[in-house]
Amino acid sequence: MLVPARAVSELGDVDLETFRVEGRRLVDWIARYLEGAERLPVVPRVRPGEIRSGLPAAPPPHAEPLETILADVERQIVPGLTHWNHPGFFAYFANSSTAPAILGEMLAAAFNANAMLWKTAPAATELEMVVLDWLRQMTGLPEGFFGVIQDTASAATLVGLAAAREAVPGLDARRRGLVGQARLRMYASEEAHSSVEKAGIVLGIGQEGLRKIPADAEFRMDPRALARAVAEDRAAGWTPFAVTATVGTTSSTSVDPVTEIAEVCARERLWLHVDAAYAGSAAVVPELRWLLRGCERADSLVMNPHKWLFVPVDLSAFYTRRPEVVKAAFSLVPEYLRTAEESVAPNLMDYGVSLGRRFRALKLWMVIRAFGAAGLAARIREHVRLAQVFRSWVEADPDFEVVAPSPLSVVCFRFRGRGRSPADADRANQKILDSVNYSGEAYLSHTRLGDRTVLRLAIGNVRTEERHVARAWELLREAARPL
Ligand code: PLP
């Protein structure tokens, strides 16, 4: 069989001259993609299985030119993408990839540094420590918080709660496991993210080991209900050990009263983990520093630059005041990972599940430098402003209502559906959502609050301007008109 003329040689990498040519073209293509993302449908109209059926089921037996492969990205992959970089992406927690971060990812792949040990990646390890300390300073967390990058907030919460389990006196779950031991109980509000419950499943705490504390009318954990629950559980023979407070809940971005929760934790000697996955980044805005009030007392905390600090997935910042406990929970050093520097330099594999660790710090470093602390704050401040503008439009429309406070860049609202039963009004909201999302111009998601279907408009993309928000509002009103 003929091998195409520009294919790779039998051994070694693709010819680097070809890489140069295709790489330049690709950077050009990416710039055009980012400039023109808003002309693409934000959600593709594809059926499950459609993209897959267009791709060869078997791998290519022979080398193919990069040019052909990249052409197939445009032809076969792009039409099946939901475009998170579309300025009309308002679903979940909208986020962005930015030029400096894309270059950072490219470099990280080129270096392929594995930051598992200091020795295997001295600069990656030390840059990670520096960049996470910059982020700590930018968000007003106190000195003494040790930061390490995890892939996601789910992993960071798992690490925080594993450390909490490690800190339970006399338990030694790491060595003995949990069978036949005291039954552990941890707490989070009913609005907490599912990653808390998932961490409980993984850590052997079990779903019953998570007690969900009721939230108040503004979806914040009730600290008095927390204190009562801990007392009840102790009396019933449980061993309470950890509380997860949320700063910026997934559904409504409510902020738990961390100061009061920290009081309960101190009194009851419980590990306090703070999930600030979304809202933590907003603390780079000086007037939003209040978000992390009380968090100086947290034992561990997570915030996700990949949600609202303009780096692409994945990059989650995990902080702890007690790195020695995290290390005691996770460090396991077989002979082949021993190094001469281990007593004087950190090996970041000791602070999480994975051994191999990507050089993620590079993209965050590049973003912080390319935008500057003031530039990051300005972008987040603008997102909050846009959300408040959208909220004012919803409030002024008698057919819609805002259903939760909007302290940040997410607005929860619904079509009132006057005269309809609750179930019928929920269906009408779902219809509106489907219709807007089908337009390809905007993408919103939904949640349930107070047992009602609620629409969410989340602003977080660096390319979103007021005209995009206005268009989403126009689409929502058009979709509601026939109802
Ligand atoms: N915590 C909160 C409050 C979230 O909203 C999310 C995701 O949206 C997560 C945790 C999980 O984030 P990740 O995807 O980084 O695991």
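For this chain, numbers begin at 1 and follow the sequence in order.
Taking both residues in full, the closest heavy atoms of Leu272 and Cys265 are given as CB-SG, 3.9 Å, listed atom of the first, atom of the second, then distance. Here the shortest heavy-atom pairing between Ser252 and Cys412 reads CA-SG, 3.8 Å. Taking both residues in full, the closest heavy atoms of Gly356 and Asn114 are given as CA-OD1, 3.2 Å, listed atom of the first, atom of the second, then distance. What you find for Ala188 and Leu210 is that their closest heavy atoms are N-CD1, 3.8 Å. Minimum heavy-atom separation, Ala101 to Val367: CB-CG2, 3.6 Å. Heavy atoms only, all atoms of each residue included: Ala164 and Ala242 are closest at CB-CB, 3.8 Å.
Separation of the Tyr443 and His83 ring centroids does not fall under the 6.0 Å cut-off.
No donor-acceptor pair closer than 3.5 Å links the side chain of Glu218 to the backbone N or O of Val255. Here the side chain of Ser189 pairs no donor or acceptor atom with the backbone of Ala245 at under 3.5 angstrom. Gln388 places a side-chain N or O within 3.5 Å of a backbone atom of Leu408 that can act as its donor or acceptor partner. Looking only at distances, a side-chain donor or acceptor of Arg357 sits under 3.5 Å from a matching main-chain atom of Ile149. Distance alone, capped at 3.5 Å, is enough to place a donor-acceptor pair between the Arg185 side chain and the Glu208 backbone. Judged by distance alone, the side chain of Arg45 and the main-chain N or O of Gly440 form no donor-acceptor pair under 3.5 Å. Checking side-chain atoms of Arg463 against main-chain N and O of Ala37 turns up no donor-acceptor pair under 3.5 Å.
Ring planes of Trp473 and Phe413: perpendicular class, angle over 60° (limits at 30 and 60°).
No salt bridge links Glu260 with Arg224; every basic N to acidic carboxylate O contact stays at or beyond 4.0 Å. We find that Glu232 and Arg228 are not joined by a salt bridge, their nearest charged nitrogen and carboxylate oxygen being 4.0 Å or further apart. A salt bridge does not link Glu324 to Lys327: none of the charged nitrogens lies less than 4.0 Å from a carboxylate oxygen. Ion pair Arg136/Asp133 flagged as a salt bridge, since at least one NZ, NE, NH1 or NH2 atom sits closer than 4.0 Å to an Asp/Glu carboxylate oxygen. With respect to the salt-bridge test (charged N to carboxylate O, under 4.0 angstrom), the residues Glu401 and Arg452 do not qualify. The pair Asp399-Arg481 fails the salt-bridge criterion, with no side-chain N (NZ, NE, NH1 or NH2) lying under 4.0 Å from an Asp/Glu carboxylate O. Ion pairing between a basic and an acidic side chain is recognised when a charged N comes within 4.0 Å of a carboxylate O; Glu382 and Arg385 show such pairing.
Taking the side chain as every heavy atom from C-beta outward, Tyr319 and Leu135 approach each other to under 4.5 Å. Annotation: side chain of Asn429 is not in contact with side chain of His446 (no heavy-atom distance under 4.5 Å).
Using modelled atom types, one finds a donor on one side chain and an acceptor on the other under 3.5 Å when comparing His273 with Ser300.
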Problem set entry | Candidate pair Val285 and Val384, rule side chain to side chain contact (heavy atoms under 4.5 Å, CB included), full reasoning | CA-CA 11 Å; Val285 183; Val384 177; over 6 Å; no
Problem set entry | Trace of the side chain to side chain contact (heavy atoms under 4.5 Å, CB included) decision for Ile432 with Arg414 | CA-CA 10 Å; Ile432 291 170; Arg414 56 184 271 117; over 6 Å; no
Problem set entry | Residues Leu270, Val230; criterion side chain to side chain contact (heavy atoms under 4.5 Å, CB included); working and verdict | CA-CA 10 Å; Leu270 308 176; Val230 173; 4.0 Å; yes
For this session: Could you give me the CA-CA distance, side-chain angles and deciding distance for Asn304 and His306, then say whether side-chain hydrogen bond (donor to acceptor under 3.5 Å, both in side chains) is met?
Result: CA-CA 5 Å; Asn304 268 4; His306 77 215; 3.1 Å; yes
For this session: Take Leu171 and Gln181 through the side chain to side chain contact (heavy atoms under 4.5 Å, CB included) test and state the conclusion after the steps.
Result: CA-CA 7 Å; Leu171 188 72; Gln181 298 239 54; 3.6 Å; yes
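Residues that satisfy the side-chain hydrogen bond (donor to acceptor under 3.5 Å, both in side chains) test with Asp314, not counting sequence neighbours, are Arg358, Arg360.
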